2 protein chains.
Amino acid sequence: MLTATMPTAAAHPALRAPAAAPQRIADTLQGLQDHVEISRRILHAGDSLYRTGDNFGCLHVVHSGFFKTLNLAADGREQVVGLHFKGDWLGFDGIATGRYGCDAVALDTGEVWSVRYDALLAACARHAPLLGLLHAAMSREISRDRDSLLSLCTLSADARVADFLRYWAEAMAQCGLRNDQITLRMTRAEIGNYLGMTVETVSRALTKLARGQLIAFTERGRRDICIPDVSALAAYVQRSLAPSPVLQ
Amino acid sequence: MLTATMPTAAAHPALRAPAAAPQRIADTLQGLQDHVEISRRILHAGDSLYRTGDNFGCLHVVHSGFFKTLNLAADGREQVVGLHFKGDWLGFDGIATGRYGCDAVALDTGEVWSVRYDALLAACARHAPLLGLLHAAMSREISRDRDSLLSLCTLSADARVADFLRYWAEAMAQCGLRNDQITLRMTRAEIGNYLGMTVETVSRALTKLARGQLIAFTERGRRDICIPDVSALAAYVQRSLAPSPVLQ
DNA sequence: CGTTGGGTTGAACCCACTCAATACGCGTGG
DNA sequence: CCACGCGTATTGAGTGGGTTCAACCCAACG
């Protein structure tokens, strides 16, 4: 069995997912391709896959690219509630009510595979493992959301940014992409919204991490970030928990 | 069709659930009873239904009482990530990994119905509507978690407490219980943890709400709370969004 | 009684926010 | 080519909401 090497510390809470993530992603895409009729669709940065209130009919799986989900309140508040990478499903929130409960927006050019929910259920009836994949994906989504809550409530602003970068790098690795140098597809405003802080705080946190050698900016633009050692970010999060002074 | 009256403002984001919640709960319990072998279990306040890391084998449905789910990080951080009432499912987070990802703890005496996950799947194959109930429950869980994120990131401490009370009262109504006077089953510490603030802030927020006549404490103890008008709480949340001075 | 756990309240502090100025990157058009 | 505008990012100074630290109240209980 070809298990991808996972260089980062395995002790981290958000790392409960099985180490064989690339295999899982491949199985998901293959399973869909083999048993359900799928419709492929290319989206570009800023395009919406679906919007809050749209009639629910399809589930979607990210085949390439990056997506964010936005929760919109009736009063205008909006909140980035999830980031989604290759192999992730989109649209679960629509099953219960028959309407999507959030917006799904592409962060750059990418492809999604869409399947009709009823067709998927029919396929699951014929081919049971497909249902297992579906349930596992929903289960992971729930766990992931809870980990977000945990980080949001228990970490300082700096640590949340560090944890965000670690999460992104982790996701890159699971997609089989290199994660020592990542290009954030989000503006500081989006990151700040996702992490519950302001643009300025995000910026300050990033410069502090750069000062501490935990990350480095590349020559071109400040949206590319070098992460020499992903596990060092996790260590930073741990350190910042203790009331002992970390790095200035 | 007997649709329960929902007195509260329908404009609120967390109110996406179909209005026929009592019917949904009844259907869930009936569906389980009719098609799967269930094992009933009584728990008392503080008892754990399952713990983080336990082998996953069962899903559980609350039949009576109140439960909280606790996310535990390896480093000791713990976070209340969910509250669960009659008809709610517990244990979804265990499907993906084969181990529960959090603790489920009873907030007072209550009964849960447990079903083996594999038995449930088999029953779903025989009786399709059961699968619909399961997926709807998972879908609602995801939506609910996202609403928590939204509140946590976009509301002030006072508004979060108000929103918490509104949510609890809402849940009581959906269970068919009276919601003009609720007994919080949680200590200030638990509430604070759930809402991402300290005990003192929770206490201050409650006294402020009481000063503003939005809630009132009963004669006995400060854990019983009268809510004369639930929709007034939602209105308070809305008001506190605008930078205009609310109530002192 | 004394003790213990939960709750409230006050005072001082501090992290993160607001406000504001500046700098950067990039496309457009002169 | 530079000028210009615009969105984005960074940095500084000042403020404030929420925290920390502390004292105190109260009810339950041995």
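These numbers come from a predicted model, not from an experiment. Naming convention: chains lettered A, B, ... in sequence-line order (proteins, then strands); numbering from 1 in each chain.
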Task: Beyond-backbone contact of A:Leu209 with A:Tyr236, side-chain heavy atoms, under 4.5 angstrom - done: yes
Task: Interatomic distance, A:Leu155 CG vs C:dC15 P [rounded to whole Å] - done: 16 Å
TODO: Could I get the full list of side-chain contact (heavy atoms from CB on, under 4.5 Å) partners for A:Thr187, not counting sequence neighbours?
DONE: A:Ala189, A:Glu190, A:Arg223
Task: B:Asn71 versus B:Gln79, side-chain donor and acceptor atoms under 3.5 Å - done: no
Open item on the list: Expressed as a whole number of angstroms, how long is the span from A:Glu190:CD to D:dG7:P?
Closed with: 15 Å
- [ ] Measure from CZ on B:Arg185 to P on C:dG6 and round the result to the nearest Å.
- [x] 17 Å
- [ ] Send over the distance from A:Asn193 CG to D:dT8 C1', rounded to a whole Å.
- [x] 16 Å
TODO: Provide, to the nearest angstrom, the distance between the CG atom belonging to A:Leu195 and the P atom belonging to C:dA16.
DONE: 12 Å
- [ ] Please tell me which of A:Ser156 and B:Thr187 maps to the more 5' nucleotide of DNA chain C, matching each residue to the nucleotide holding its nearest heavy atom.
- [x] B:Thr187
TODO: May I ask you to decide if the ring planes of A:Phe56 and A:Tyr100 are parallel, tilted or perpendicular, using 30° and 60° as cut-offs?
DONE: perpendicular
Task: Qualifying residue, where the test is ring-ring contact (aromatic ring centres under 6.0 Å, His included) with B:His60 and the options are B:Tyr50, B:Trp89, B:Phe67 - done: B:Tyr50
Open item on the list: What is the separation between atom CG on B:Leu206 and atom P on C:dG6, rounded to the nearest whole Å?
Closed with: 16 Å
Open item on the list: When you compare the side chains of A:Trp168 and A:Glu170, does any donor N or O come within less than 3.5 Å of an acceptor on the partner?
Closed with: no
Open item on the list: Nearest whole Å is fine: how far is D:dG18 C1' from B:Leu152 CG?
Closed with: 14 Å
Task: Of the listed nucleotides D:dT10, C:dG7, C:dA16, the one nearest the side chain of B:Arg188 - done: C:dG7
Task: N/O (side chain, B:Arg223) to phosphate O (OP1/OP2, C:dG7) under 4.0 Å - done: yes
TODO: Would you check if there is a donor-acceptor pair between the side chains of A:Ser151 and A:Ser148 at a distance under 3.5 Å?
DONE: no
Task: Length of the CG-P vector between B:Asp158 and D:dG16, whole Å - done: 16 Å
- [ ] Encode nucleotides 19-27 of chain D as B, S and - characters from 5' to 3', where the letter depends on protein heavy atoms closer than 4.0 Å: B to the base, S only to sugar-phosphate, - to neither.
- [x] BBBB-----
